[in-house]
Amino acid sequence: MFTNCSLGHCHIIIAVVLWSICVDSRKIRGISLSYKRFYRERKSFLCIDGSKMIPFDQVNDDYCDCMDGSDEPGTAACPDGRFYCTNLGYRSHYIPSSRVNDGICDCCDASDEYRSQTPCQNTCRNLGQRERAEVEGQTRVLGERLRLKQLVIEEGVLTWREKQAQLRDLQRVSDDLQTQLDDLRKEEARRKEEADALREREMGARETADNSPTSPYRPESPISVFKELDSNRDGSITVDEVQAKLSPVQDEEHALSEDEAVIKGRRGVPGSLADEDPNIKAAVSAAEKAAADLKRVEDAYETVYMEIRDLREKLSIDYGSEREFLFLHNQCFQLKVYEYIYELCPFSQVTQKSASGEVVSLGKWGSWAGPPENPYCQMRYESGEPCWQGPTRNTMVMLICGTETALRSVKEPSKCQYVMELQTPASCQPALRQRGIHSEL
Ligand code: MAN
């Protein structure tokens with residue numbers, strides 16, 4: 001190349017080459033686009049932390065002048081300096097300046113090894129392509145999970161509406177039963193009063209009617225015996241009444257058995273008044289019917305009351321910001337770990353069944369327990385069965401994003417304190433925007 005040149009010319013060419021190498025090594029490397037403005041070629045350079053002003057030719061001169069290392073972005077001179085890998089086509093990042101020209105390729109664009117012997121290849125394009133494919137795959141999977149989440153949200157909305165309508169219906173039924181109860185209570189009291197009054201009247205009439213020896217009402221007559229036995233004067237004799245009259249309580253030996261009392265009661269009386277008098281009979285059966293009607297409606301009211309209570313309790317639970325976890329209610333998930341079968345019934349309870357079949361409570365639904373920014377990522381189940389020589393059993397359920405809804409793991413990190421992982425699309429969140437793979441400087 002230099003064969004035709006004179007010695008003078010050669011000196012000039014060598015000087016130009018050396019100068020260009022020197023200028024090239026000073027080229028401002030290892031800084032991001034946003035920092036470029038600090039390195040505009042001027043007479044002087046102000047350290048980025050503002051601590052010192054130095055002549056510009058001291059930038060990247062392999063001597064650390066600035067405390068923040070900002071004068072040596074392209075050399076390893078400053079201990080805390082950092083070198084920016086632009087990595088066009090892939091992910092930009094900083095590396096410690098000490099890794100610049102150390103013979104190891106750190107930046108995929110090979111920019112950190114600009115003066116080393118190591119032949120670094122620019123692999124950014126490949127890496128970028130691979131990562132983009134991975135991200136696309138993940139995005140597709142997440143998209144599918146979010147679609148499933150949307151389905152369970154819609155299911156939750158429908159269930160919620162159904163439950164609200166059910167509650168309104170039950171409330172109506174309950175109001176109706178309440179009105180019926182008021183009427184039936186009055187009816188039952190009236191019928192009972194009527195029957196009692198008829199019986200009283202009949203008894204009074206018989207008492208005064210005849211005291212003659214032939215009268216059935218003389219003291220030793222069956223009617224008198226009947227009245228004597230009918231201590232509550234309800235017109236019929238119970239086994240208890242006969243036992244109370246005919247066998248002194250303190251004399252256990254002579255106490256009447258139930259059968260004896262029934263026989264003696266029958267022998268001594270002509271039958272209840274209702275057996276004799278059709279009016280009383282009709283009044284008593286009307287009173288009995290009213291009592292039976294009342295009981296039937298009371299039972300129905302009790303059932304509806306319990307249903308309303310259960311439904312209200314269910315509707316008072318927090319099922320997530322979009323009720324995305326409502327679909328989990330009334331479902332249970334099992335997992336066998338070693339000798340135990342664990343069962344999680346969300347919003348209800350957690351149990352552990354041993355090989356012998358014994359079922360132990362690991363906690364009842366308590367509350368959401370995630371951090372304030374995402375409370376719905378953990379569930380707490382508390383106040384389970386007390387542990388022998390240990391605490392009460394409690395379970396923390398961690399909700400993780402996944403395509404299927406299933407119990408994935410159960411651990412007991414400390415005695416009687418359990419941690420489960422429940423996977424479900426309901427807990428998937430849209431991804432935060434990916435840190436950009438950039439294709440431009
Ligand atoms: C049972 C199980 C265990 C627990 C012990 C504590 O064996 O409930 O999970 O650790 O009791 O005694």
Side-chain angles (χ1 to χ4, degrees), residues 141-142 144-146 148-149 151-153 155-156 159-160 163 303 306-429:
V141 170
L142 182 62
E144 172 59 12
R145 290 174 180 177
L146 290 173
L148 292 172
K149 177 176 179 174
L151 292 181
V152 297
I153 290 174
E155 189 183 323
T159 311
W160 185 262
K163 298 282 164 211
T303 309
M306 307 277 258
E307 280 177 31
I308 290 178
R309 200 196 52 191
D310 288 353
L311 204 49
R312 283 218 177 107
E313 204 175 295
K314 190 170 176 179
L315 289 171
S316 71
I317 293 175
D318 176 359
Y319 293 106
S321 53
E322 298 176 274
R323 304 216 171 95
E324 63 272 32
F325 299 105
L326 177 57
F327 82 107
L328 292 174
H329 207 147
N330 292 341
Q331 288 201 62
C332 292
F333 304 92
Q334 290 188 342
L335 188 67
K336 188 166 190 303
V337 181
Y338 302 119
E339 74 264 41
Y340 296 115
I341 296 174
Y342 292 88
E343 186 175 75
L344 164 66
C345 303
F347 305 106
S348 177
Q349 59 166 357
V350 183
T351 55
Q352 180 197 54
K353 189 173 172 183
S354 61
S356 67
E358 190 197 0
V359 177
V360 166
S361 165
L362 303 188
K364 289 173 272 303
W365 164 247
S367 56
W368 289 106
E373 64 279 10
N374 184 16
Y376 303 113
C377 67
Q378 281 179 39
M379 292 170 152
R380 185 187 292 118
Y381 292 79
E382 51 208 11
S383 310
E385 211 139 299
C387 182
W388 189 70
Q389 289 190 332
T392 295
R393 288 174 172 83
N394 290 323
T395 304
M396 193 66 93
V397 178
M398 322 300 278
L399 286 108
I400 51 174
C401 168
T403 307
E404 281 158 32
T405 298
L407 195 53
R408 287 291 179 226
S409 73
V410 182
K411 293 196 178 92
E412 190 180 346
S414 67
K415 197 175 174 186
C416 294
Q417 305 300 298
Y418 305 84
V419 177
M420 296 182 158
E421 277 182 320
L422 177 68
Q423 180 193 287
T424 169
S427 66
C428 295
Q429 302 290 338

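Both ligands and their constituent atoms are indexed starting at 1 by order of listing. Side chains included, hydrogens not; waters and symmetry mates left out as well; all remaining heavy atoms used.
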Subject >> Straight-line distance of Ser383 OG to Asn394 CG, nearest 0.5 Å >> reply: 6.5 Å
**OP:** Could you say whether the N/O atoms of Glu412 and ligand 1 ever approach to under 3.5 Å?
**Re:** yes
Original post:
Should one rank Lys415, Arg393, Glu385 by closest heavy-atom distance to atom 5 (C) of ligand 1, which comes out on top?
Top reply: Arg393
Original post:
Do Phe347 and Phe325 make the cut of ring centroids closer than 6.0 angstrom?
Top reply: no
Original post:
Is Trp388 close to ligand 1, meaning an N/O of one under 3.5 Å from an N/O of the other?
Top reply: no
**OP:** Return a yes/no value for Gln352: is any of its N or O atoms, backbone included, closer than 3.5 angstrom to an N or O of ligand 1?
**Re:** yes
Original post:
When you measure from atom 6 (C) of ligand 1 to every protein heavy atom, which one gives the shortest distance, and what is it?
Top reply: Cys387 SG, 3.6 Å
Original post:
Going from CD on Gln423 to OG on Ser409, what distance comes out if it is rounded to the nearest 0.5 angstrom?
Top reply: 10.5 Å
Original post:
Between Thr395 and Leu362, is there a donor-acceptor pair closer than 3.5 Å when you use the side chain of the first and the backbone of the second?
Top reply: yes
Original post:
Heavy atoms only: which of Tyr418, Tyr338, Tyr340 is nearest to atom 1 (C) of ligand 1?
Top reply: Tyr340
Original post:
Could you give the distance from CG (Leu315) to CD1 (Ile308), rounded to the nearest 0.5 Å?
Top reply: 11.5 Å
